[in-house]
Trainee: 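Before I ask anything, here is the structure I am working with.
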Amino acid sequence: MATHRELIAANVARIRERIAAAAQAAGRDPAEIKLVAVSKYVDAATAALLVDAGCRSFGEARPQQLWEKAAAPELAGVEWHLIGRLQRNKIRRTLPLAALIHSVDSERLLAAINDEAATLGITSRVLLEVNSSGDATKQGFTAEEVRALLPMIPNYAHLEVGGLMTMASLDGDDAVAQANFAALRTLRDELARNSPSNVTLPELSMGMSGDFEIAIAEGATLVRVGSSLFEGLLP
Ligand SMILES: *Cc1c(COP(=O)(O)O)cnc(C)c1O
């Protein structure tokens with residue numbers, strides 16, 4: 001029987017091959033696409049097997065779990081991404097640990113992160129989460145809200161807004177996911193044309209285990225893959 005280490009190494013290799021193939025099919029350089037390994041399903045010891053398999057960027061959906069894993073010695077040196085909800089009272093502890101916060105979904109949160117970053121004397125990298133599917137259950141700005149926010153971004157001196165993030169509709173098929181991802185890219189292109197000169201929005205965080213190849217075809221630069229990395233391990 002394969003060990004957990006072997007299973008994860010094989011899963012990571014397969015995902016990387018699929019990322020490379022999807023990039024190639026889209027005429028893109030695979031090096032433009034970062035795999036964010038979503039470790040929320042497993043403990044630090046199991047996540048460390050991903051490090052052994054070459055993963056360097058990890059995503060957690062809950063701030064508290066990000067803090068815990070970031071403190072685990074076996075995960076030292078990993079780059080942490082927060083991909084889920086950030087509550088205001090968790091900002092201070094999260095900012096020094098997170099290389100990128102994918103999930104800023106209100107101007108209030110953007111302002112609060114900027115204030116804390118100023119207090120800490122750092123610049124925080126964030127993405128704006130867009131509800132591209134219109135699902136009532138999804139977080140995120142509408143396209144209209146992001147357009148309105150764009151001219152304000154330079155006021156937040158301690159933030160680097162690097163781009164946009166979205167999730168495809170939960171109950172949609174591949175065609176719906178593709179439409180959601182295309183909408184995010186189109187919005188980003190429009191914003192980049194109209195943005196203040198120091199706001200370039202290079203990043204598109206989109207695509208999970210079920211739809212990352214579609215997202216790459218539509219321009220994803222960050223794919224957030226969790227369950228496919230643990231196939232054979234998780235129930
Ligand atoms: C859990 C999660 C993922 C990973 O989803 P999988 O389908 O397990 O690959 C990606 N993005 C967000 C925001 C998540 O919460």
Side-chain angles (χ1 to χ4, degrees), residues 4 7-8 10-19 22 33-44 46-47 49-50 53 55-70 78-87 90 94 97-106 109 125-141 162-174 176-178 180-181 183-184 203-235:
H4 285 183
L7 272 172
I8 285 189
N11 289 345
V12 170
R14 201 180 58 248
I15 296 294
R16 288 203 184 281
E17 278 165 23
R18 286 173 58 189
I19 288 172
I33 298 145
K34 181 179 274 191
L35 170 62
V36 178
V38 177
S39 51
K40 68 187 181 189
Y41 306 107
V42 298
D43 60 15
T46 305
L49 300 176
L50 289 166
C55 296
R56 292 292 174 267
S57 302
F58 283 60
E60 281 288 331
R62 293 172 187 270
Q64 209 133 359
Q65 289 186 351
L66 188 154
W67 305 344
E68 281 169 26
K69 286 209 181 73
V78 157
E79 175 186 281
W80 290 102
H81 294 238
L82 183 72
I83 60 173
R85 215 77 217 265
L86 180 57
Q87 298 81 7
K90 303 211 167 89
T94 302
L97 302 173
L100 184 63
I101 296 168
H102 292 229
S103 42
V104 175
D105 60 359
S106 72
L109 179 59
R125 286 195 84 218
V126 303
L127 305 178
L128 303 178
E129 181 170 356
V130 176
N131 184 349
S132 60
S133 66
D135 286 7
T137 55
K138 287 252 159 65
Q139 314 293 334
F141 293 99
L164 306 179
M165 179 270 219
T166 203
M167 289 202 260
S169 175
L170 265 185
D171 39 37
D173 55 11
D174 286 359
V176 172
Q178 184 180 11
N180 295 157
F181 296 150
L184 194 75
E203 306 288 357
L204 289 174
S205 170
M206 53 190 196
M208 322 200 317
S209 290
D211 54 22
F212 69 86
E213 284 142 319
I214 300 169
I216 289 168
E218 294 299 335
T221 60
L222 295 152
V223 291
R224 310 178 308 270
V225 178
S227 38
S228 290
L229 298 173
F230 306 109
E231 251 170 55
L233 253 90
L234 296 176

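Quick note: residue numbers are just sequence positions, from 1. First listed ligand is number 1; within each ligand, the first listed atom is number 1.
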Trainee: Among Thr221, Val223, Leu204, whose side chain to side chain contact (heavy atoms under 4.5 Å, CB included) with Ile33 holds?
Mentor: Val223
Trainee: Any chance you could measure Ser103, atom OG, to Leu82, atom CG, to the nearest 0.5 Å?
Mentor: 4.5 Å
Trainee: From Arg56 CZ over to Leu35 CG, what is the distance, rounded to the nearest 0.5 angstrom?
Mentor: 12.0 Å
Trainee: For atom 9 (O) of ligand 1, which protein heavy atom lies nearest, and how many Å away is it?
Mentor: Ser209 OG, 2.6 Å
Trainee: Would you check the N or O atoms of Gly210, main chain and side chain alike, for any that come under 3.5 Å of an N or O of ligand 1?
Mentor: no
Trainee: Could you check atom 7 (O) of ligand 1 against the protein and tell me its nearest heavy-atom contact, residue, atom and distance included?
Mentor: Ser227 OG, 3.6 Å
Trainee: Could you tell me the residue and atom name of the protein heavy atom closest to atom 12 (C) of ligand 1, and the distance to it rounded to 0.1 Å?
Mentor: Ile83 CD1, 3.5 Å
Trainee: What protein heavy atom lies closest to atom 4 (C) of ligand 1? Include the residue and the distance to one decimal.
Mentor: Arg224 O, 3.6 Å
Trainee: List the closest protein heavy-atom neighbour of atom 8 (O) of ligand 1: residue, atom name, distance to the nearest 0.1 Å.
Mentor: Tyr41 OH, 2.4 Å
Trainee: So among Lys34, Arg125, Lys69, which one has a salt bridge (charged side-chain N to carboxylate O under 4.0 Å, His left out) with Glu79?
Mentor: Lys34
Trainee: Looking only at heavy atoms, is any part of Lys40 under 4.0 Å from ligand 1, and if so is it the side chain, the backbone, or both, or is it neither?
Mentor: side chain
Trainee: With side-chain contact (heavy atoms from CB on, under 4.5 Å) as the test, would you mind laying out the steps for Asp135 and Met167 before giving the verdict?
Mentor: CA-CA 10 Å; Asp135 286 7; Met167 289 202 260; over 6 Å; no
Trainee: Checking a contact table here: which protein heavy atom is nearest atom 10 (C) of ligand 1, and how many Å away?
Mentor: Met208 SD, 3.2 Å
Trainee: What's the separation between atom CG in Asn11 and atom CZ in Arg16, rounded to the nearest 0.5 Å?
Mentor: 12.5 Å
Trainee: Any idea which atoms of ligand 1 are less than 4.0 Å away from a heavy-atom of Val225?
Mentor: 9 (O)
Trainee: Quick one: does Phe212 get within less than 4.0 Å of ligand 1, heavy atoms only?
Mentor: no
Trainee: In the structure I gave you, are the side-chain heavy atoms of Val104 and Leu86 within less than 4.5 Å of one another anywhere?
Mentor: no
Trainee: Rounded at 0.5 Å granularity, tell me how far OG1 in Thr94 sits from CD in Glu60.
Mentor: 11.5 Å
Trainee: In ligand 1, which numbered atoms sit nearer than 4.0 Å to a non-hydrogen atom of Gly226?
Mentor: 4 (C), 6 (P), 8 (O), 9 (O)
